[in-house]
Asker: 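Questions regarding the structure given below will be posed in turn.
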Amino acid sequence: MTMTNLTIATWNINSVRLRWRLIERLLVAAKPDVIALQETKTPDEFFPAQELRDLGYAHQLFSGMKGYNGVAFLSRLPLTRLSGPDWCGRGDCRHLAARLDNGVELHNFYVPAGGDIPDRALNDKFGHKLDFIAEAAQFWRREHKNAAPKILLGDLNIAPLEQDVWSHKQLLDVVSHTPVEVAGLLEWQSAHGFVDAIRYFVPANEKLYSWWSYRNRDWRKSDRGRRLDHIWVTPNLRDNLRSQKILKDARDWPQPSDHVPVTLTLDLP
DNA sequence: ATGGTTGCCGTGCAA
C-alpha cells in the first residue's frame with residue numbers, strides 16, 4: 001500500500017497582508033502541504049492570493065473581514081469548500097471547513113480571545129467566547145454520524161493543560177486558562193472524540209507554548225508563553241500520526257506574529 | 001499591582 005505524507009500547519013499570522021512573506025520561511029522550515037491561517041485581518045478583495053500562489057499554494061480558501069478575525073486555507077492539494085454555521089449568529093469569519101480529495105475534512109477555527117475580565121456579567125467578550133465554545137461542542141455532537149476523518153486546527157485561544165502555560169497557578173484567573181474555559185474546550189474536544197495530536201507526541205508534564213505576548217521586552221528570556229494553537233484529529237487518524245513541530249524560532253522572524261506555526265505530519269493511505 | 005506591544009484604522013479598539 002502506498003502511503004502519502006501530509007504536513008499541515010496552523011498559524012495565527014496577525015495580518016496576512018503585512019506578513020505574507022513570512023510564509024516563505026514557514027515553507028522552508030516545514031514544507032506544509034496545507035496551511036490554516038487565522039487573524040488574516042483583511043476583506044477577501046485584498047487577500048494576497050497571487051503572492052501566495054507564487055509560493056506554490058495554488059488552492060486557496062479565504063473568509064475575511066475588515067480589521068478583525070479572518071481565516072484562510074492555503075494548499076498544494078485541491079480543496080473543496082464545505083459550509084458551516086454562522087457562529088453565534090454574528091457573521092464573523094472564525095471558521096472555514098474543507099475536504100481533501102482523499103476524504104479528509106479540515107476545520108480551521110479562530111476562537112474569540114475573550115477580553116480581559118473572566119466574567120460574562122462584566123465582559124461581553126468573555127460571554128461570547130464561552131458561547132462560541134459551547135456552540136462548537138454542540139456542533140460536533142451533532143456531527144457524530146459523520147465518520148469522515150477530520151483534522152481540526154487553529155487558534156483556539158485556550159491553553160487547557162497546566163504545562164500549556166508558564167504558570168498554572170498565576171493564570172487560573174487569566175482569560176485563556178480559567179477553569180470554565182478549559183472545561184468548555186475539553187467538552188468540545190470530547191464531543192467528537194478528538195485527539196490532541198500535539199500532546200500525542202509531547203508528554204503532558206512538559207511545557208509547551210505556541211504564543212508569547214508582544215508585551216514582554218525579551219519574550220525568550222521571560223518565556224511567559226501559552227499553548228493557544230492546536231491540532232486535533234479524529235480517532236480514525238490516530239495511527240496515521242507521525243510527527244509534530246512547533247516553530248518557536250518564528251517568534252524571532254522579522255516583524256513576527258505573536259503566535260508561531262504549529263505543524264503536524266501524518267501518513268495517509 | 002501595574003504596565004507592557006502590536007495591527008488596523010483613524011487617533012480607539014481588539015488582541
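Chain A is the first sequence line, chain B the second, and so forth, proteins listed ahead of strands; every chain is numbered from 1.
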Asker: Using heavy atoms to find the nearest nucleotide of DNA chain B for A:P256 and A:N12 separately, return the residue whose nucleotide is more 5′.
Answerer: A:P256
Asker: State whether the number of non-hydrogen atoms from other residues, nucleotides or ligands found under 6.0 Å of A:N236 atom CG is greater than 12.
Answerer: yes
Asker: Could you check how far OH of A:Y214 sits from P of B:dT6, rounded to whole Å?
Answerer: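 The answer, rounded to whole Å, is 8 Å.
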Asker: Is the phosphate of B:dG7 approached by A:R19 (side-chain N or O, under 4.0 Å from OP1 or OP2)?
Answerer: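 Result: yes.
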Asker: For A:D116 and B:dG4, what is the distance between atoms CG and P respectively, to the nearest whole Å?
Answerer: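 In whole Å, B:dG4 P lies 14 Å from A:D116 CG.
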Asker: Quick check against the 3.5 Å criterion: does A:K245 have a side-chain atom that pairs as donor or acceptor with the backbone of A:A29?
Answerer: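 Yes, the answer is positive, given that a donor and an acceptor are paired below the 3.5 Å cut-off.
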Asker: Are any of the side-chain nitrogens in A:R141 or A:E187 under 4.0 Å away from the carboxylate oxygens of its partner?
Answerer: yes
Asker: Which nucleotide, B:dC9, B:dT6, B:dA15, lies nearest any side-chain atom of A:R94?
Answerer: B:dA15
Asker: If you only use heavy atoms from C-beta on, which nucleotide in B:dC9, B:dG4, B:dG7 is closest to the side chain of A:L18?
Answerer: B:dG7
Asker: Does B:dT6 have OP1 or OP2 under 4.0 Å away from a side-chain N or O of A:Q255?
Answerer: no
Asker: Figure out the CH2/P separation between A:W212 and B:dT6, and round it to whole Å.
Answerer: 17 Å
Asker: Looking at A:R220 and A:D249, is there a salt bridge between them, counting it only when a charged N and a carboxylate O are closer than 4.0 Å?
Answerer: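 Between A:R220 and A:D249 there is a salt bridge, with a charged N closer than 4.0 Å to a carboxylate O.
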Asker: Nearest whole angstrom, please: distance from the C1' of B:dA15 to the CD1 of A:I117.
Answerer: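 Value for this atom pair: 15 Å.
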Asker: Which nucleotide, B:dC9, B:dG7, B:dA15, lies nearest any side-chain atom of A:E39?
Answerer: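 Selected nucleotide (nearest to the side chain): B:dA15.
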Asker: So A:Q38, base contact, sugar-phosphate only, or nothing? Heavy-atom distance under 4.0 Å.
Answerer: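 The residue A:Q38 makes no contact with any strand.
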Asker: Would you say the side chains of A:T10 and A:Q38 form a donor-acceptor pair under 3.5 Å?
Answerer: yes
Asker: Provide the distance between the two C1' atoms, one in B:dG3 and one in B:dA15, to the nearest whole Å.
Answerer: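 The same atom, C1', in both gives a distance of 16 Å.
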Asker: Please measure how far the P atom in B:dT5 lies from the corresponding atom in B:dC9, and state the result in whole Å.
Answerer: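 Taking atom P in both B:dT5 and B:dC9, they lie 22 Å apart.
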Asker: Among B:dT5, B:dC9, B:dA14, which is the nearest nucleotide to the side chain of A:K125?
Answerer: B:dA14
Asker: Nearest whole Å is fine: how far is B:dC13 P from A:D92 CG?
Answerer: 18 Å
Asker: For nucleotides B:dT6 and B:dT11, find the distance between their C1' atoms and express it as a whole number of Å.
Answerer: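 Looking at atom C1' only, B:dT6 and B:dT11 are 15 Å apart.
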Asker: Please state the P separation for the pair B:dG10 and B:dA14 - nearest whole angstrom.
Answerer: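 Result for the P pair: 14 Å, nearest Å.
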Asker: Under 4.0 angstrom, heavy atoms only, what part of the nucleic acid is A:F46 near: base, sugar-phosphate, or nothing?
Answerer: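 A:F46: no heavy atom of the nucleic acid under 4.0 Å.
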Asker: Starting at atom CD of A:Q170, determine the distance to atom C1' of B:dA1, rounded to an integer number of angstrom.
Answerer: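 Nearest whole value for this atom pair: 13 Å.
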Asker: Would you kindly give the CG-to-P distance between A:D258 and B:dC8, to the nearest whole Å?
Answerer: 12 Å
Asker: Does a sphere of radius 6.0 Å around NZ in A:K66 hold more than 12 heavy atoms from other residues, nucleotides or ligands, not counting ones at 6.0 Å or beyond?
Answerer: no
Asker: Rounding to an integer number of Å, can you tell me how far A:M65 CE sits from B:dC8 P?
Answerer: 15 Å
Asker: Need to verify one output field. Residue with the more 5' nearest nucleotide on DNA chain B, A:N69 or A:N216?
Answerer: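 In this pair, the answer is A:N216.
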Asker: Any idea which of B:dC8, B:dG4, B:dT6 is nearest the A:K41 side chain?
Answerer: B:dC8
